[in-house]
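Read the structure below first, then the notes.
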Amino acid sequence: AVQIVFRSNSRHGIGLKGFAGLRKVLYRTLVEYYTSGGGRAKILQLQTEIQRLQGESDALRKELADAAKSNQQYLQNVAHQLTAPLNAIKWSIEALRNPAVPLGRKSNLLSSIYDQGTILVNLIKNFALMSKLDADKELGQFGHKLERVDPLRLSINLANDFQPQASEGGRKIIVDTEAFDRIPSGKALSADKNLIAQALSNLLENAVKYSDLRSTINIDAVPVPFKNEVRSGFGIRVTSTGLPLDSSEIAQLQERGFRGKRARQIVPPGTGIGLYLARRIMELHQGAIGIKGHGKESQFTLIFHPSKIQG
């Protein structure tokens with residue numbers, strides 16, 4: 001290292017002329033040092049380090065710009081998603097207040113308000129959950145506790161919640177109670193009920209949205225083998241017939257913000273966070289999301305680890 005020592009007899013240190021002279025001496029000293037053999041190697045090393053840091057800085061700036069753009073698009077999408085059901089509810093209420101609207105029509109309007117309310121509640125829950133997951137919180141930090149959850153009861157309750165929405169297209173949601181009775185017989189899950197309900201709601205919402213008119217959506221229970229585990233895991237499976245899954249997109253369906261090409265064509269607006277949130281919820285429970293497609297039939301399964309099955 002180069003060490004320059006200077007002294008001054010001035011009570012106030014070096015004056016302006018002294019600083020100018022010091023700068024010239026320092027410059028000459030540094031030039032002499034860095035033009036020597038070892039100095040040139042040091043310069044090359046510094047140049048390489050500067051280039052590396054510059055590259056990292058450029059990459060970080062691009063990442064920040066992309067994140068800002070993505071956040072802006074996400075917020076615009078959120079605003080649109082919330083506005084659509086609110087407007088539908090508003091229009092239905094205005095029609096209900098019109099005395100000229102026949103009673104039969106008013107009954108349909110009330111059903112529509114219920115449907116849009118279900119959509120709105122699910123959206124708000126998703127957005128609230130997203131804000132918590134963005135902070136990378138663990139399950140215990142969500143303010144909820146693991147409890148004993150009856151998967152059959154949960155499936156029936158959610159099927160009833162989404163049936164009015166499904167009925168608009170002549171769809172039926174059927175829960176295979178016998179499958180739940182068999183697997184696991186007389187057992188329950190150790191889980192956060194609110195989070196699991198949100199994950200299953202997201203699967204059902206997609207099934208209703210992308211299934212064929214006058215088709216049936218099935219909810220059943222299936223055993224799921226786990227490697228190096230004696231007992232099987234447990235799955236809540238939602239099966240629907242409609243929009244075919246593109247095999248090249250299946251791996252991306254659980255990524256945040258991703259929507260398949262066909263899905264975007266059929267239902268242009270969408271956040272692409274439903275399956276992402278379901279996956280994160282299952283990961284918090286040491287589980288996963290299973291996805292299979294067979295022609296027009298699609299199966300989405302909430303998979304629970306054997307340790308989450310209670311006797």
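As the structure is a prediction and not an experimental result, all values here were calculated from the model.
- Between the CG atom of L245 and the CG atom of L243 there is a distance of 7.0 Å, given to the nearest 0.5 Å.
- Judged as a ring-ring contact (aromatic ring centres under 6.0 Å, His included), and not counting sequence neighbours, Y114 has no contacts.
- For the atom pair CD1 (I289) and CG (L253), the distance works out to 11.5 Å, reported to the nearest 0.5 Å.
- For S167, the side chain to side chain contact (heavy atoms under 4.5 Å, CB included) partners at least two apart in sequence or on another chain are Q163.
- Other cluster members for F226: V222, V224, I303, joined by side-chain heavy-atom distances under 4.5 Å among Ile, Leu, Val, Met, Phe, Trp and Tyr.
- Considering only residues two or more places apart in sequence or on other chains, R97 meets the salt bridge (Lys or Arg N to Asp or Glu O under 4.0 Å) condition with none of them.
- Applying the salt bridge (Lys or Arg N to Asp or Glu O under 4.0 Å) definition to pairs two or more places apart or across chains, none involves residues 150-170.
- Under the side chain to side chain contact (heavy atoms under 4.5 Å, CB included) criterion, D246 pairs with S248, E249, not counting sequence neighbours.
- In terms of the side chain to side chain contact (heavy atoms under 4.5 Å, CB included) criterion, residue partners of Q116 (sequence neighbours excluded) are, by chain and number, P85, A88, I89, S112, I119.
- Connection of F162 to V121 is not established within any shared hydrophobic cluster, with ILVMFWY side chains joined at heavy-atom distances below 4.5 Å, either directly or through further cluster members.
- Side chains of T241 and I217 form no contact here, defined as non-hydrogen atoms less than 4.5 Å apart.
- Between T216 and T239 the shortest side-chain heavy-atom distance does not fall below 4.5 Å.
- Proximity of a side-chain donor or acceptor of H285 to a complementary backbone N or O of G287 within less than 3.5 Å is not detected.
- A heavy-atom distance below 4.5 Å is found between the side chains of V175 and L152.
- Note: L275 CG to E205 CD = 10.5 Å, rounded to the nearest 0.5 Å.
- Not a single donor-acceptor pair under 3.5 Å links the side chain of R279 to the backbone N or O of E255.
- Counting heavy atoms from C-beta outward, N218 and V238 have side chains that stay 4.5 Å or more apart.
- To the nearest 0.5 Å, atoms CG (L154) and CD1 (I196) are separated by 8.0 Å.
- D176 has its side chain out of reach of I219: every pair of non-hydrogen atoms, C-beta onward, lies at least 4.5 Å apart.
- Looking only at side-chain heavy atoms (C-beta outward), F300 and N206 stay at 4.5 Å or farther from each other.
- In this view, R105 and V101, P102, N108, L109 satisfy the side chain to side chain contact (heavy atoms under 4.5 Å, CB included) rule, not counting sequence neighbours.
- Taking the side-chain hydrogen bond (donor to acceptor under 3.5 Å, both in side chains) definition, one finds that S190 meets it with nothing, sequence neighbours left out.
- Contact of the F234 side chain with the P223 side chain is not registered, since no non-hydrogen atoms from C-beta on lie closer than 4.5 Å.
- With sequence neighbours excluded, no residue forms a salt bridge (Lys or Arg N to Asp or Glu O under 4.0 Å) with R171.
- Among residues two or more places apart in sequence or in another chain, the side-chain hydrogen bond (donor to acceptor under 3.5 Å, both in side chains) test is passed with S57 by R61.
- Atom CG of L277 and atom CE of M282 lie 13.5 Å apart (nearest 0.5 Å).
- Judged as a salt bridge (Lys or Arg N to Asp or Glu O under 4.0 Å), the pairs with a partner in residues 210-224 (not counting sequence neighbours) are, in order, D212-K296, D220-R237.
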List the steps and the verdict of side-chain contact (heavy atoms from CB on, under 4.5 Å) for L146 and K308.
CA-CA 10 Å; L146 295 179; K308 297 302 179 183; 4.2 Å; yes

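- Between the CD1 atom in I273 and the CD atom in Q254 there is a gap of 14.5 Å [rounded to 0.5 Å].
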